[in-house]
Amino acid sequence: MNPPIKVTKTNDSSLSTIDFNNIPFGKVFSDHMFLVRFDGEKWHNAEIRPLEKLQVHPGNLAWHYGQAIFEGMKATKLHDGTPALFRPEMHAKRLNASASRMCMPEIPESLFLEAIEKMVRLEADWIPPAEGSALYIRPLMIATDEFIGVRPSKDYTLIIFTMPVGPYYPKPISLLAEEHFIRAAYGGVGEAKAAGNYAASLYPAKMAKEKGYDQVLWLDAREAKYVQEVGTMNIFFVIRDKLITPITDGTILKGITRDSIISIAKSKGLFVEERLVSIDEVVNAHEDGSLTEVFGAGTAAVISTVERIGFRGKDYLLNQDNYKVAPMLKETINGIRSGRIEDTFGWVKPLLPEAIQA
Ligand SMILES: *Cc1c(COP(=O)(O)O)cnc(C)c1O
């Protein structure tokens with residue numbers, strides 16, 4: 001049995017101070033947060049209450065040994081104003097996969113989904129209506145034992161809080177294919193959305209920025225040969241009109257945008273290959289002119305096109321005017337999310353008013 005979710009509403013909403021046409025990403029938070037605790041055996045004390053700072057003991061296990069995982073998903077408004085979630089059960093499953101790898105407790109999918117739905121219903125007025133904008137939902141699970149010593153925590157807290165994000169028009173990005181630093185090794189935690197993965201990526205990303213690139217294009221840890229992914233996005237290539245993306249081999253985060261893009265591309269009759277992609281293949285395809293598009297895919301930006309890849313001191317430029325596949329895919333995903341394009345995949349979950357639904 002899932003614990004009932006107690007709801008305490010704010011009487012001090014900050015919604016009226018927000019300009020939906022000008023929202024800085026990741027800095028503006030909605031009024032409430034969801035919390036539920038795990039005591040070593042069961043999830044208990046589920047509640048939604050006004051967003052506030054949490055008190056944390058200095059010995060909090062997550063701070064020292066890194067048991068911390070998260071998710072990132074979006075709620076949008078359909079054209080009739082109904083709030084809708086995008087593939088929420090996929091996020092529940094991935095959170096639990098991350099939890100299991102990090103020795104953290106799984107949360108019943110039904111409890112996670114109920115919490116997300118209750119939060120989004122309560123914060124529905126925080127969902128910016130313009131297509132391409134959304135309410136970004138951040139679930140976070142952390143260890144909370146007050147204990148110094150390396151072992152799995154007994155207690156955990158799962159928090160869900162949300163942020164409105166404006167329509168995102170990412171500039172084309174430049175990537176540095178990195179041969180020295182790695183993101184994830186076989187047998188490691190690359191497939192988990194674990195906080196430590198991002199901490200480990202900061203230094204190489206800083207080095208790449210100093211060399212004039214926006215982000216790192218990660219290569220495999222064994223041979224520095226096969227392309228893995230980018231920062232918080234999976235990577236796609238269009239070579240000879242085929243859509244090619246690295247296979248998920250345990251080192252790559254299994255992006256839900258990645259999965260959606262593959263399905264949409266197939267439904268449009270594109271040839272899609274999930275396989276090993278070597279950086280040499282990318283460079284050769286660029287040199288013989290068959291590489292026409294490179295783009296990253298993830299929930300935050302949906303799709304970011306790549307304008308330049310650096311590898312071994314050479315830059316490989318991509319002409320943005322030639323991009324056809326990436327804009328079509330982005331258009332389709334955003335259209336499905338807003339209800340403008342029919343959702344033939346069953347991805348969009350409208351949150352109808354509870355009274356009508358019952
Ligand atoms: C979250 C994330 C992605 C993208 O996953 P989506 O489910 O599409 O948002 C890709 N790579 C990394 C490392 C990530 O953390």
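Numbering of ligands and ligand atoms starts at 1, following listing order. Residues take their numbers from the sequence shown, with the count starting at 1. Both backbone and side-chain heavy atoms feed into the values below; hydrogens, waters and symmetry mates do not.
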Next item on the list: Establish, from distance only, whether the side-chain atoms of Asp315 and Tyr213 form a donor-acceptor pair under 3.5 Å.
Entry: yes
Checklist line | Minimum heavy-atom distance between Ile309 and Val282, given as atom pair plus value | finding: CD1-CG1, 4.2 Å
Notebook entry, point to check: Is any NZ, NE, NH1 or NH2 atom of the basic residue among Glu47 and Lys118 found under 4.0 Å from an Asp or Glu carboxylate oxygen of the other?
Noted result: no
Item checked: Test log, rule salt bridge (Lys or Arg N to Asp or Glu O under 4.0 Å), inputs Lys171 and Asp214 -> CA-CA 10 Å; Lys171 283 197 321 214; Asp214 296 318; over 6 Å; no
Next item on the list: Take the angle between the ring planes of Tyr203 and Phe181 and call it parallel below 30°, perpendicular above 60°, tilted in between.
Entry: perpendicular
Between ligand 1 and the protein, which N/O pairs fall short of 3.5 Å?
| from | atom 1 | to | atom 2 | distance (Å) |
| --- | --- | --- | --- | --- |
| ligand 1 | 7 (O) | Arg94 | NH1 | 2.7 |
| ligand 1 | 7 (O) | Arg94 | NH2 | 3.1 |
| ligand 1 | 7 (O) | Ile256 | N | 2.7 |
| ligand 1 | 8 (O) | Ile256 | N | 3.3 |
| ligand 1 | 8 (O) | Thr257 | N | 2.9 |
| ligand 1 | 8 (O) | Thr257 | OG1 | 2.6 |
| ligand 1 | 9 (O) | Thr299 | N | 2.9 |
| ligand 1 | 9 (O) | Thr299 | OG1 | 2.6 |
| ligand 1 | 11 (N) | Glu229 | OE1 | 2.5 |
| ligand 1 | 15 (O) | Lys193 | NZ | 2.7 |
| ligand 1 | 15 (O) | Tyr198 | OH | 2.3 |

Checklist line | Short N-O contact, Glu117 and Lys349, less than 4.0 angstrom | finding: yes
